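As structure tokens, the structure follows; a few thoughts come after it.
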Amino acid sequence: MSTPSRSGVFGQGPNRLVEQFTESVSFDHRLYAQDVAGSIAHSQMLAANGIIAAEEQQQIEQRLLEIRAEIEAGNFELRSDLEDIHMHIEQALIDRLADVGRKLHSGRSRNDQVATDFRLWVRDAIDGIDAKLVELQRAFVSRCDRDAEVILPGYTHLQRAQPVLAPHYWLAYCEKFERDRQRLRDCRRRVNVSTLGTAALAGTSLPIDREDVARRLGFEGVSANSIDSSSDRDFVLETAFALSLIAVHLSTLAEEWVLWSTVEFNFITLPQEFCTGSSIMPQKINPDVMELIRGKTARVVGNLQALLVLVKGLPLAYNRDLQEDKPQLFDSVDTVAACLEIAAPLVRGAELNRESIAAGLDRGYLDATTFMEYLIRRNIPQRTAHHLVGQLVRKAMDERVSLAELPLSDYQAAHADLDEGVYDVLGVDKAIDAFVSYGSTASVEVAKQVEHWKMKLNTTE
Ligand code: ARG
């Protein structure tokens with residue numbers, strides 16, 4: 001049987017198993033709108049350059065729009081004998097326009113067509129993810145005023161380290177997601193290049209105008225080497241990487257909030273509507289959404305891995321292996337989009353358990369480092385001060401008290417120069433007041449950062 005992809009060279013149709021095994025329409029049907037857009041632009045260029053007649057182009061365009069509407073209305077049948085969405089749309093056009101439809105594929109191949117359609121799809125996907133990242137950033141910023149006065153214990157190695165202001169914590173996530181946005185933006189520049197007209201691998205002998213098609217599709221330029229661009233999937237891989245890093249950042253948040261919502265930490269109460277129960281333990285309020293955000297990261301990172309392995313060792317130029325790039329990237333985009341979408345309201349709706357956090361702040365010697373820095377300001381060498389504060393912390397630990405609860409005699413025994421002034425810098429509140437450096441948790445610095453983010457995200461919250 002003759003289909004657009006099987007020329008007269010074949011004496012027989014394909015084995016049924018081959019059809020099923022090689023099809024991609026079951027997943028690349030998602031490219032239908034991009035395929036129609038690409039074909040319309042291509043047909044316009046063909047007409048502008050005298051390769052098809054203007055009237056033929058109009059018929060093609062009209063029919064393509066009709067086909068797109070049918071797909072959107074669910075009135076378009078996907079057939080097992082047509083490999084992908086590109087063949088489906090072309091065959092539907094031929095069914096309607098006969099020879100005029102048979103002209104559309106002049107000067108292009110499915111190799112460049114697939115690459116172009118996928119670039120268009122990825123471009124949109126990047127924009128969609130970017131908008132969701134902004135929503136999540138806004139959710140964090142919306143917490144900043146609400147939690148302005150809250151001091152949290154900051155951790156390193158998951159051991160109590162130094163006190164930090166809650167907004168400083170929230171903005172740490174804004175920064176991470178901002179770099180994710182930058183990565184996507186940068187990646188988008190390389191995605192947004194037209195490969196249409198590079199044809200199978202060598203270009204075409206027809207007088208096409210690649211710049212013209214690129215302009216019509218909103219691409220910023222055309223790829224320079226047909227061998228490279230008909231086979232290049234860098235744009236897929238780097239998008240998959242950018243998505244992996246977003247997932248990893250989300251996973252950090254998820255892990256942290258799963259911990260924070262335990263009885264052991266008791267730092268945060270997740271909104272009940274975002275929690276789940278247990279079928280056996282009636283008391284349970286589980287953070288399943290956060291766990292799944294963490295869990296789904298595995299899929300996204302796995303997809304990146306699969307894509308890297310997919311392209312490893314492929315000779316130039318197009319190889320059918322490349323068809324396998326779509327399920328992975330579709331899944332990564334869908335998964336990250338879903339995680340971002342649910343993370344934003346969850347971040348907005350969670351409540352810090354202020355009393356419980358405050359009650360624990362005198363544990364863990366969070367003021368030890370700023371006290372050491374007080375000693376440095378008193379001209380005690382850092383290494384000496386470090387050792388000396390360590391000894392005082394040991395003493396306080398043994399006596400089960402905080403540094404502020406040690407008597408002055410202990411301080412003077414540690415260093416003769418010390419006086420009542422030590423109590424001006426001990427305790428978590430005073431430690432917070434002591435910070436001054438740019439980017440630190442100093443109240444003034446944090447307030448400036450909150451303002452910066454409000455302006456940047458154009459939010460009045
Ligand atoms: N379904 C294929 C894909 O998505 C179309 C490419 C066909 N090209 C080819 N030379 N067989 O990659």
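The structure displayed is predicted, hence computed values, not measured ones. We count ligands from 1, going down the list as the structure has it; atoms in each ligand are counted the same way.
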Sort out for me which residue in E83, E90, H105 forms a side-chain hydrogen bond (donor to acceptor under 3.5 Å, both in side chains) with R110. E83

Give yes if a backbone or side-chain nitrogen or oxygen of E83 is under 3.5 Å from a nitrogen or oxygen of ligand 1, and no if not. yes

Students should be able to answer this: which protein heavy-atom is nearest to atom 11 (N) of ligand 1, and at what distance? R110 NH2, 3.9 Å

Kindly confirm or rule out a cation-pi arrangement of R143 over Y169, judged by NZ or CZ under 6.0 Å from the six-membered ring centre and within 45° of its axis? no

the protein heavy atom lying closest to atom 12 (O) of ligand 1 turns out to be Y318 OH, 2.5 Å

Take every heavy atom of N111, measure it against each atom of ligand 1, and state whether any distance is under 4.0 Å. yes

Any idea which atoms of ligand 1 are less than 4.0 Å away from a heavy-atom of D84? 1 (N), 2 (C), 5 (C)

Quick one: do R96 and E70 make a salt bridge, cutoff under 4.0 Å? yes

Report yes or no: is the cationic atom of R30 (NZ for Lys, CZ for Arg) under 6.0 Å from the centre of the six-membered ring of F330, at an angle within 45° of the ring normal? yes

Ignoring hydrogens and geometry beyond distance, is a side-chain donor-acceptor pair present between Q57 and S43 at under 3.5 Å? yes

Is the closest N or O pair between Q323 and ligand 1 shorter than 3.5 Å? yes

